[in-house]
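All remarks here apply to the structure that follows.
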Amino acid sequence: MTEKWTTDDIPRQDGKVMVVTGANSGLGLETTRILAARGAHVVLACRTAEKAEEAMREIRTHAPRASVEFMPLDLASLESVRAFAAGFQEQHTQLDVLCNNAGVMALPFRKTTEGFEMQIGTNHLGHFALTGLLLGALQQAEAPRVVTVSSLAHNFGKIRFNDLNWSRGYRKWPAYGQSKLANLLFAFELQRRLERSGQQLISVAVHPGYAATNLQAAGPIMENSTFGKSLMDVSNSLLAQPADMGALPSLYGCTSPHVEGGRFYGPGGFQQLRGHPVQVKCSRRARSEADASRLWTLSEDLTGVEYLS
């Protein structure tokens, strides 16, 4: 990897089909915009058609020949996840890249359709199910990869195996940390299982550092906290790097020929908060094979999606 990898280093992606979850805003939109500009056909997997259409118009403003389409996906509903996977495979014969990007952060207590705590349900369980249901399409591609977006918040995360869904004593930031640790445990365990089964598909994890997006404001807005939103706005303006820089690790994971399965990529600057993408370290908990295997089994039980034993 060059010391300062940028979008100029992205090879042409013509002929490749990619899915980006949460593609209508923030890091997902930046990732989608660049992938489409490089020739990939990108499926915007988003909850609402209106926001997706607006995002596609914005993308085509910068790249008039961009090949993009919208397919509805609500990761907080396993029915929606299954419908998306079935619809995708009806329309496409292969999937070259699945970018598990969408996420929610530090929300007041909410539940998904199936009754999961919203952060673990959306950030991890929805993506776990989606990846398994799209495995057949991924296996049809020549050099497929799954890119899962985690966060520095994984460092304070701990998997509550006896209360994954926070039925007792909910705390929004530890719940977020748990979901982002789950992303890493999943990405690394997926790679181990792929290697055991001898597949060409690779799984990598990335994180954006501290990037200014609308993600930070979602929780305060749901809580009607003017102070919380103002605090996030000030923090973003003083400390965060812009969304286009935050998207670089995802873009590197999706496109670089130098990416290796089971690796973790993020900003190379101070404390991984900002900078150009490099291979980075993660917490010891994130590399626990015992926890990863236990979480995998639990995720299969909760979602009903089983794959790669």
Side-chain angles (χ1 to χ4, degrees), residues 1 19 21 27 75 95 97-103 119-135 138-139 143-161 164 174-209 249-256 258-268 272 277-303 305-309:
M1 186 190 307
V19 168
T21 65
L27 301 178
L75 288 162
L95 174 58
V97 176
L98 170 60
C99 183
N100 289 325
N101 163 82
Q119 296 187 84
I120 195 71
T122 300
N123 298 353
H124 168 62
L125 293 171
H127 281 128
F128 177 90
L130 179 67
T131 303
L133 293 168
L134 290 175
L135 187 61
L138 285 160
Q139 290 169 331
R145 56 184 72 177
V146 176
V147 179
T148 300
V149 181
S150 183
S151 164
L152 286 171
H154 85 273
N155 285 295
F156 60 77
K158 183 179 180 180
I159 305 299
R160 293 161 53 101
F161 285 107
L164 191 74
Y176 179 64
Q178 174 184 244
S179 73
K180 293 288 100 178
L181 175 58
N183 287 153
L184 282 182
L185 289 168
F186 163 66
F188 298 150
E189 179 67 9
L190 177 58
Q191 179 63 29
R192 286 189 286 268
R193 292 176 183 241
L194 289 168
E195 290 176 357
R196 289 201 295 266
S197 62
Q199 299 196 38
Q200 296 299 309
L201 172 62
I202 64 171
S203 168
V204 301
V206 302
H207 82 83
S250 293
L251 289 165
Y252 184 83
C254 290
T255 66
S256 174
H258 303 297
V259 163
E260 298 179 34
R263 306 295 188 184
F264 187 30
Y265 301 98
Q272 301 180 27
V278 298
Q279 186 178 326
V280 295
K281 295 181 179 181
C282 59
S283 70
R284 182 175 298 180
R285 281 177 177 159
R287 288 294 184 183
S288 170
E289 294 189 23
D291 283 357
S293 179
R294 187 179 179 186
L295 179 63
W296 188 284
T297 300
L298 180 58
S299 300
E300 288 182 330
D301 291 343
L302 291 173
T303 65
V305 178
E306 299 182 7
Y307 58 108
L308 290 174
S309 60

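Since the structure is predicted, the reported quantities are computational estimates derived from the model, not experimental observations. In this chain, numbering begins with 1 at the start of the sequence shown.
- Scanning all heavy atoms of the two residues, the minimum distance from L98 to L95 falls at CB-CD2, 4.0 Å.
- Looking at L181 and F156, their side chains never come closer than 4.5 Å, going by heavy atoms from C-beta outward.
- For the side chain to side chain donor-acceptor pair (under 3.5 Å) test, residues two or more places apart in sequence or in another chain that qualify with T131 are N100.
- Contact detail for P208 and V149: the closest heavy-atom pair is CD-CG1, 4.3 Å.
- For T122, there are no side chain to side chain donor-acceptor pair (under 3.5 Å) partners, not counting sequence neighbours.
- E260 meets the salt bridge (Lys or Arg N to Asp or Glu O under 4.0 Å) test with R263; sequence neighbours excluded.
- With sequence neighbours left out, the side-chain contact (heavy atoms from CB on, under 4.5 Å) criterion links A187 to T148, S203, A205.
- For H127, there are no ring pair (Phe, Tyr, Trp, His ring centres under 6.0 Å) partners, not counting sequence neighbours.
- Looking at heavy atoms from C-beta onward, Y265 lies out of side-chain contact with S256 at the 4.5 angstrom threshold.
- A heavy-atom distance below 4.5 Å is not found between the side chains of Y252 and V278.
- Between F188 and C282, the closest heavy-atom pair is CE1-SG, 3.9 Å.
- Looking at S288, its side chain never comes within 3.5 Å of a backbone N or O of R284 through a donor-acceptor pair.
- For residues 147-160, the salt bridge (charged side-chain N to carboxylate O under 4.0 Å, His left out) pairs, not counting sequence neighbours, are R160-D163.
- No side-chain heavy atom of I159 sits less than 4.5 Å from a side-chain heavy atom of R294.
- Counting only residues at least two apart or in different chains, side chain to side chain donor-acceptor pair (under 3.5 Å) contacts with residues 178-197 comprise N123-S179, K180-N183, E189-R192, E189-R193, Q191-E195, S197-Q199.
- With hydrogens and angles ignored, the 3.5 Å screen pairs a side-chain donor or acceptor of R145 with a backbone N or O of G253.
- Annotation: side chain of L201 is in contact with side chain of V146 (closest heavy-atom distance under 4.5 Å).
- In this structure H154 satisfies the side chain to side chain donor-acceptor pair (under 3.5 Å) test with no other residue, sequence neighbours excluded.
- Using a 4.5 Å cut-off on side-chain heavy atoms (C-beta onward), H207 and P249 make no contact.
- For F186, the ring pair (Phe, Tyr, Trp, His ring centres under 6.0 Å) partners at least two apart in sequence or on another chain are F128, W296.
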